Amino acid sequence: MKRLKLILTTLLAVVSLVGGAVVATTTANAKAKTPTWKQPSETKAYPNLKKHKHAYIKVSIAKQRVYIRTSKHKTLYTMVCSTGKKSSPTPTGTYHIQNRGTHFYNAGSKEGANYWTSFKYWGTYLFHSVPVNAHGKYIVSEAHKLGKRASHGCVRLSVADAHWIYSHVPAGMKVVIH
């Protein structure tokens, strides 16, 4: 049943991206039954980056938020995130989107994630979903940390938000982290 809910949630996110709009009642019903860490951060549709060719990603470590912004600094979409703990901080600076993949697992940290998109060192620092275990199951205790510093340096996102970045943010897009 949980897998079906995840599939439906992902499908809703994809439909909203393709169709350009989210049906509010469908999103509200899905949110009531599905944990927020699986859902998009906002109830509105993700932005159409084809209409915003010079958009960029801004990550606020202080606010634990990822912003999709226009070249004129207007925020199009806001995502809740978890950046690195003080012992393993997320690097600050200006970077660009590099490579991506659907899943990884790090035996050393006993965590992996889905829908990863690299912004530094070609696979070292990533945007990705909340963590998964060795069997690919989401680690709920870690998922509940969204909005607080919790990662090993990557930027953790809800499953839907990570999937959107993986699927729609183009290679080379600017990433500003402060």
Side-chain angles (χ1 to χ4, degrees), residues 6-7 9-22 27 36-84 89-106 111-132 138 143 146-147 149-178:
L6 177 60
I7 292 169
T9 301
T10 304
L11 240 139
L12 282 173
V14 171
V15 167
S16 72
L17 296 172
V18 173
V22 175
T27 302
T36 56
W37 54 267
K38 291 184 179 180
Q39 295 293 314
S41 290
E42 294 195 58
T43 56
K44 69 181 185 180
Y46 289 109
N48 180 347
L49 294 179
K50 291 179 180 168
K51 293 181 180 179
H52 302 281
K53 299 256 185 229
H54 302 288
Y56 69 99
I57 297 173
K58 178 182 172 188
V59 179
S60 171
I61 293 171
K63 294 182 180 177
Q64 294 298 291
R65 296 292 185 269
V66 171
Y67 304 98
I68 308 301
R69 301 186 82 186
T70 68
S71 59
K72 296 185 185 209
H73 313 296
K74 177 185 174 203
T75 298
L76 299 170
Y77 199 90
T78 303
M79 300 173 184
V80 177
C81 73
S82 288
T83 61
T90 300
T92 57
T94 301
Y95 309 99
H96 293 87
I97 294 297
Q98 300 169 332
N99 55 334
R100 62 192 80 220
T102 56
H103 176 79
F104 76 90
Y105 181 75
N106 181 325
E111 288 181 353
N114 295 323
Y115 310 119
W116 61 268
T117 305
S118 178
F119 61 87
K120 185 176 183 188
Y121 297 145
W122 295 92
T124 302
Y125 290 99
L126 317 166
F127 292 100
H128 62 68
S129 73
V130 294
V132 299
Y138 289 105
L146 265 182
R149 293 177 71 139
S151 80
H152 298 104
C154 291
V155 180
R156 295 179 181 175
L157 299 163
S158 75
V159 176
D161 291 346
H163 186 267
W164 182 81
I165 285 180
Y166 164 82
S167 299
H168 290 86
V169 170
M173 180 182 261
K174 184 168 77 170
V175 177
V176 178
I177 303 173
H178 68 90

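One-based numbering along the sequence shown. Because the structure is predicted, anything quoted here is derived from the model rather than measured.
Between Tyr77 and Pro40, the closest heavy-atom pair is OH-CB, 3.4 Å. Across every non-hydrogen atom of Ser129 and Tyr138, the tightest pair is OG-CE2, 3.7 Å. Closest heavy-atom contact between Arg149 and Gly84: NE-O, 2.7 Å. Residues Thr124 and Ser118 come closest through the heavy atom pair N-OG, 4.4 Å. In this structure, Ala171 and Gln98 approach most closely via the heavy-atom pair CB-O, 4.1 Å. The shortest heavy-atom contact between Ala113 and His128 is CB-ND1, 3.2 Å.
Atom CD1 of Ile165 and atom CZ of Phe127 lie 5.0 Å apart (nearest 0.5 Å). Residue Leu126 holds its CG atom at 12.5 Å from NE2 of His152, rounded to the nearest 0.5 Å. In this structure, OG in Ser158 is found 10.0 Å from CH2 in Trp37, a value given to the nearest 0.5 Å. Here the CE-OH distance, from Met79 to Tyr67, works out to 12.0 Å after rounding to the nearest 0.5 Å. Expressed to the nearest 0.5 Å, how far NZ of Lys174 lies from OG1 of Thr94 amounts to 6.0 Å. For the atom pair CG (Leu76) and OG1 (Thr78), the distance works out to 9.0 Å, reported to the nearest 0.5 Å.
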Going by atom type alone, with no hydrogens or angles, which donor-acceptor pairs under 3.5 Å involve a side-chain atom of residues 49-62 and a protein atom two or more places apart or on another chain?
residue, atom, partner, partner atom, Å
Tyr56, OH, His73, ND1, 2.8
Ser60, OG, Lys63, N, 3.0

Problem set entry | Worked check of side chain to side chain contact (heavy atoms under 4.5 Å, CB included) between Tyr115 and Val159 | CA-CA 8 Å; Tyr115 310 119; Val159 176; 4.1 Å; yes

For this session: Check step by step if side chain to side chain contact (heavy atoms under 4.5 Å, CB included) holds for Phe119 and Met173.
Result: CA-CA 9 Å; Phe119 61 87; Met173 180 182 261; over 6 Å; no

For this session: Take Val66 and Val155 through the side chain to side chain contact (heavy atoms under 4.5 Å, CB included) test and state the conclusion after the steps.
Result: CA-CA 9 Å; Val66 171; Val155 180; 3.8 Å; yes

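In Phe104, the CZ atom is crowded: over 12 heavy atoms of neighbouring residues, nucleotides or ligands sit closer than 6.0 Å.
Under the 3.5 Å distance criterion, with hydrogens and angles disregarded, no donor-acceptor pair is assigned to the side chains of Ser82 and Gln64. For the residue pair Tyr46/Asp161, the side-chain donor-acceptor check at 3.5 Å is satisfied. Tyr166 and Asn114 share no donor-acceptor pair across their side chains, judged by distance under 3.5 Å alone.
Between Tyr125 and Tyr121, the ring planes are tilted. Angles from 30° to 60° get that label.
At least one side-chain heavy atom of His103 sits under 4.5 Å from a side-chain heavy atom of Val132.
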